[in-house]
Structures are given as structure tokens and as C-alpha cells.
S.K.: 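This is the structure I have questions about; it appears just below.
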Amino acid sequence: MSTTLASVDPLFAVTPAQLSSTTAVGDEETHTATLVANRTMVLTGTSHGENADSETTASFAGTCPTGWFGSVTMQAGDTCELTWTTHPTRMQSTSQSASFTAQELDEAGKPVGEAILSSFALELTSTVLEFESGYNFGEVPVGRTGAQELRLTNRAAVDALVSLSNIDAPFAVDERLLGEELRVPARSSIEVPLYFWPTAAGPASGYGDWSYRLDDDTGDKRSGYLRLSGTGNAEQPPIDVSATGVDFGEVHVGDTADRTITLTNSSSDDVAIDALNPVDLGLLGLSLGELPDYGFVPAGESITVTISWKPTKAGTLSRQALFAASRLLPARAATEPAPDIVEFAATLAGTAVGDGPTTDGGGGGTTDPATKPKPTQPKPAHPTPETQPVTENLPGTGGPGLAWGLGIALALAAAGGIALRRSPRRR
């Protein structure tokens, strides 16, 4: 409700000069303006127009006219309080107006000068939902998600029902608002997530069209829109991963020592981690355990993997277990940036203890003990017997059975039944 009163100076003054407020459906609010006479005068109401649905009543207190069309003589310092009480029960905008004249009087009580006409207008607008209509997501890396909260506050004494009819890409809204009405309880607030999924670098803007109504039988309905904006950034945040080192200490040749490596993802994105050089480690008697959860590490979390060392010869161990971490992004955009890959390492150290002298291998792993040259063996005098053809498959060579199984796997892969994946390079 907003009320404007014209002040006619110096015959009288109105405090406050303007009344304004917003009234929720189901609430009742009262507002008062005080008119003070500066000199002796006659105050007369001349007209009053009111909308039948305004749901607003007026009252007078003090030295005031009797009703809107009455007349009263006011001495200097007399006051008249004008009070408006509004109690809206539905969503609407209505108005009412009134006017009156002020005529100065002399000491004999006779009119002096001309009567001055003044008026005021009363405008009532009921409210239900309060919300921010504009949202800027700022810069968001391409392929990632920016989020903000749409806060809906229902000031009415009746539940409100909200629905969204459309939202422009690359913006999105909580799916609860799509295709059905979302209930906002009376005199309560809810928060609905808004999303920005940039598919390309540069600024983006869009709108969301929505409507709401009260859960009653009035049929009143309001509509509005949201202004959405943001900027896609081609630069991705860095992948930050690390691994703890391992020192096996002294391990006897032939014995097995187990240690644990911790792989930590300090990035803001989930990553997939894979081992790069398990074969090279195996040549030194090192065995790396399976990565838990197939190497998946959520943002800000860690995984542990067991590494074992069973040295076959005396010497020092100075090696690295190499890993690769790749960023995992949701596949939302047709032009999603290629996930970058970062390599990192865990340092491995230890000493293999055994009988016999050892030599320094320069940090490349366990070293071979010194050996004597082997004597040259004489060639046999008798002829070597002729090798017979082998009809069986030697272990590890595959043969027809393997070819048949591989053919089945390739056929299934072509039909979409098996996804053949290629791991990062291994050394």
C-alpha cells in the first residue's frame, strides 16, 4: 500500500508526507498520517473514490471531518489522524482516492482568501512471493557447473504453488520446477538451485519464465521472469595430485616387505588415476597392488595402494612409481574440453641385504653382485637330433582357442556389448 498526501503550506502540514508499504495476502496492516493545522481554518472533504475490492478501511481521530464529506473548523495546533487498515485476501492491485479543501478563517471566523484544494491517492498492491529476479554466475570454466540459489519467500497466509514454463540454455533450474508445481508453504521460504553450464567461452545470457498462484479457490495467478547471465571461461582449474614416498629400509634378499602409498587429489574436480610403469617395477621385484575403486578419486579425497618389494639380489633401490591423473567432467556439452592428464610419482627407496659384495648401480635400482666370467663350453661333437614338429600349443602362445575367443570378443564389441578401453601408456 502506498499513500501520497499533498501538503498545503502554510495552512497545515501532514506527517509523514508519504506513506508506503507492501501487505502480504492474509496479513493486516495499519498506517497513520497526522494532519496539523498551522492557522485557523476549515477542512472540508469534497470527494472520495474507492474500489470495492480494495479491502481497505479508513478512520479518523482528533479534530477531523465527520467522514470523507464532512467539514470541521481547526485551530492552530489541532490535529487530525487519518488511519488506513488493509487486509488483502487475494492477489490484486486496487486504488482509492480522496480530496478536501482548506479555507483560512480570520479572528471573526470569516473566510480569508481562496479555498485551497488538496487530494491524496491510496494504492494497494498485495504481495505473495518475494525473490530476486536477476542472477549473475560470473566466470565458470567451460564444461563445469556454476550454481546459485533462487530463494522464494511466501509472505502470504496461504500456500503458494510455483511452476517454471521455460529456461534458456545454457542455464538450468532444479527439475522440481519443470513440469509440475512446487509448493512454498505459507510464511516460509525455500531455496531452489539454479545452474549455469557454459558450453563455449564468452558471455551468455537468458531468461526463465515462471508463474505462481495461491493454493485457494480465487484463481488469481501471477507470472514473472528471471534474468540470467554468466561467462564461460576456457581455462580449467589445475589438476593437483600427489603421492607419498616409500622407504623399505633393509630387506633381505628373498624376503617380502609391504608398504602403503597414499595418492591424494587436492583438485576441485574428480580424477581417475592409473599406474604407468608396473612392468618396469616388476623387473626390480616390486609389485603394485590394485588401485581401489578403479583409481577413481573424488575431489579433495585420497586412496591408498599397497606396494611390495621382494629383492632378488643385494643392492640399493632408488626408483619411482609413476602415475597419471585425468580430470573427470560430466558430459553435458557437445564441445566439452578434452580432459587433461597430469603425471606424478612416488619415490621408492630401500636396501637389499644379501651374501656377497654389492656394487653401486647409480640409483637405477637393485644392483647385480660381481660375477666371474663363465668358461667357454666346447661344442658337442655329435650331431644335434632333428627337432620334431609340435602339435600342441605351448603355454602362452594362444593358438586356435585364443583366436576363437578373440573373435567372439571383437564381435561383441562391434555389437556394443563390450566396451574395449585403452589404458594410459605403461612403461
S.K.: Considering non-hydrogen atoms only, spot the tightest contact between Ser71 and Val42 and give its length.
M.R.: OG-CG1, 3.2 Å

S.K.: Within the structure provided, determine whether Glu81 and Cys64 are in side-chain contact (heavy-atom separation under 4.5 Å).
M.R.: no

S.K.: Is there a side chain to side chain contact (heavy atoms under 4.5 Å, CB included) between Ile273 and Asn265 once you walk through the steps?
M.R.: CA-CA 9 Å; Ile273 295 178; Asn265 175 22; 5.6 Å; no

S.K.: Is a donor on one side and an acceptor on the other found under 3.5 Å between the side chain of Asp78 and the backbone of Thr63?
M.R.: no

S.K.: What are the two closest heavy atoms between Asp247 and Gly249, and how far apart are they?
M.R.: OD1-N, 2.9 Å

S.K.: Over 60° means perpendicular and under 30° means parallel, so tell me whether Trp210 and Tyr212 are parallel, tilted or perpendicular.
M.R.: tilted

S.K.: Starting at CG of Asp269, measure out to CZ of Arg327 and round the result to the nearest 0.5 Å.
M.R.: 5.0 Å

S.K.: Using a 3.5 Å distance criterion without hydrogens, assess whether the side chain of Thr244 forms a donor-acceptor pair with backbone atoms of Thr262.
M.R.: yes

S.K.: Any donor-acceptor pair under 3.5 Å linking the side chain of Asp209 with the backbone of Asn166?
M.R.: no

S.K.: Name the residue from Thr264, Leu263, Leu322 that meets the side chain to side chain contact (heavy atoms under 4.5 Å, CB included) definition with Phe344.
M.R.: Leu263

S.K.: Under the side chain to side chain contact (heavy atoms under 4.5 Å, CB included) rule, what do Asn154 and Ser188 come out as? Steps first, then yes or no, please.
M.R.: CA-CA 6 Å; Asn154 181 9; Ser188 300; 5.8 Å; no

S.K.: Going by side chain to side chain contact (heavy atoms under 4.5 Å, CB included), Pro292 matches just one of Thr304, Ile303, Val297. Which one?
M.R.: Ile303

S.K.: Please report the shortest heavy-atom distance between Val253 and Ala352, naming the atom on each side.
M.R.: CG2-CB, 4.4 Å

S.K.: Could you state the interatomic distance from NE2 (His31) to OG1 (Thr83), rounded to the nearest 0.5 Å?
M.R.: 10.5 Å

S.K.: Do the side chain of Glu132 and the main chain of Arg151 share a donor and acceptor less than 3.5 angstrom apart?
M.R.: no

S.K.: Any side-chain heavy-atom pair from Phe131 and Val162 closer than 4.5 angstrom?
M.R.: no

S.K.: Taking Ala160's backbone N and O only, do any of them form a donor-acceptor pair with Asp215's side chain (distance below 3.5 Å, no angle check)?
M.R.: no

S.K.: Within the distance-only criterion (no hydrogens, no angle test), does the side chain of Asp106 pair as donor or acceptor with the backbone N or O of Val112 below 3.5 angstrom?
M.R.: no

S.K.: Okay, side chain of Asp274, backbone of Ala324: is any donor-acceptor separation there less than 3.5 Å?
M.R.: no

S.K.: Of all heavy-atom pairs between Gln320 and Leu281, which one has the smallest distance, and what is that distance?
M.R.: O-CD2, 3.8 Å

S.K.: With rounding to the nearest 0.5 Å, note down the distance linking OG1 in Thr101 to CG in Leu43.
M.R.: 7.0 Å

S.K.: Report the relative orientation of the aromatic rings in Phe196 and Phe171; use parallel for angles under 30°, tilted for 30 to 60°, perpendicular for over 60°.
M.R.: parallel

S.K.: Quick one, Asp168 and Leu228 - any side-chain contact, counting heavy atoms below 4.5 Å?
M.R.: no

S.K.: Taking the side chain from Ser267 and the backbone from Asp240, do they hold a donor-acceptor pair closer than 3.5 Å?
M.R.: yes

S.K.: Looking at CD of Glu191 and CG of Leu152, how far apart are the two atoms once the value is rounded to the nearest 0.5 Å?
M.R.: 9.5 Å

S.K.: State, to 0.1 Å, how close Val142 and Gly232 come at their nearest heavy-atom pair, and which atoms those are.
M.R.: CG2-C, 4.3 Å

S.K.: Just checking Tyr225: does its OH atom have more than 12 heavy atoms from other residues, nucleotides or ligands closer to it than 6.0 angstrom?
M.R.: no

S.K.: Going by side chain to side chain contact (heavy atoms under 4.5 Å, CB included), Leu164 matches just one of Leu182, Leu150, Val173, Val192. Which one?
M.R.: Val173

S.K.: With a 3.5 Å distance limit and no angle check, can you tell me whether Gln103 reaches the backbone of Gly113 through a side-chain donor-acceptor pair?
M.R.: yes

S.K.: Going from OG1 on Thr34 to CG on Leu82, what distance comes out if it is rounded to the nearest 0.5 angstrom?
M.R.: 8.0 Å

S.K.: Considering only heavy atoms from C-beta outward, does the side chain of Ser211 approach that of Lys221 to under 4.5 Å?
M.R.: yes

S.K.: Assess whether side chain to side chain contact (heavy atoms under 4.5 Å, CB included) is satisfied between Ile307 and Trp309, documenting all intermediate values.
M.R.: CA-CA 7 Å; Ile307 187 167; Trp309 186 32; over 6 Å; no

S.K.: Heavy atoms, side chains only, cut-off 4.5 Å: are Leu286 and Leu317 in contact?
M.R.: yes

S.K.: Under the 3.5 angstrom rule, does the side chain of Asp159 hit a backbone N or O of Ala186 as a donor-acceptor pair?
M.R.: yes

S.K.: Please give me the minimum heavy-atom distance between Ala345 and Ala243, naming the atom from each residue.
M.R.: O-CB, 3.8 Å

S.K.: Using the rule given for side chain to side chain contact (heavy atoms under 4.5 Å, CB included), can you reason through Arg222 versus Leu129, listing the C-alpha separation, both sets of side-chain angles and the distance that settles it, and then say yes or no?
M.R.: CA-CA 10 Å; Arg222 290 288 183 271; Leu129 286 182; over 6 Å; no

S.K.: Does a side-chain heavy-atom distance below 4.5 Å link Arg319 with Asp280?
M.R.: yes

S.K.: Find the distance between CD (Glu301) and CG (Asp270) and round it off to the nearest 0.5 Å.
M.R.: 8.0 Å

S.K.: With side chains defined as the heavy atoms from C-beta onward, is the minimum distance between Thr15 and Val36 less than 4.5 Å?
M.R.: no

S.K.: Do Leu284 and Leu348 make a side-chain contact, defined as non-hydrogen atoms from C-beta onward lying under 4.5 Å apart?
M.R.: no

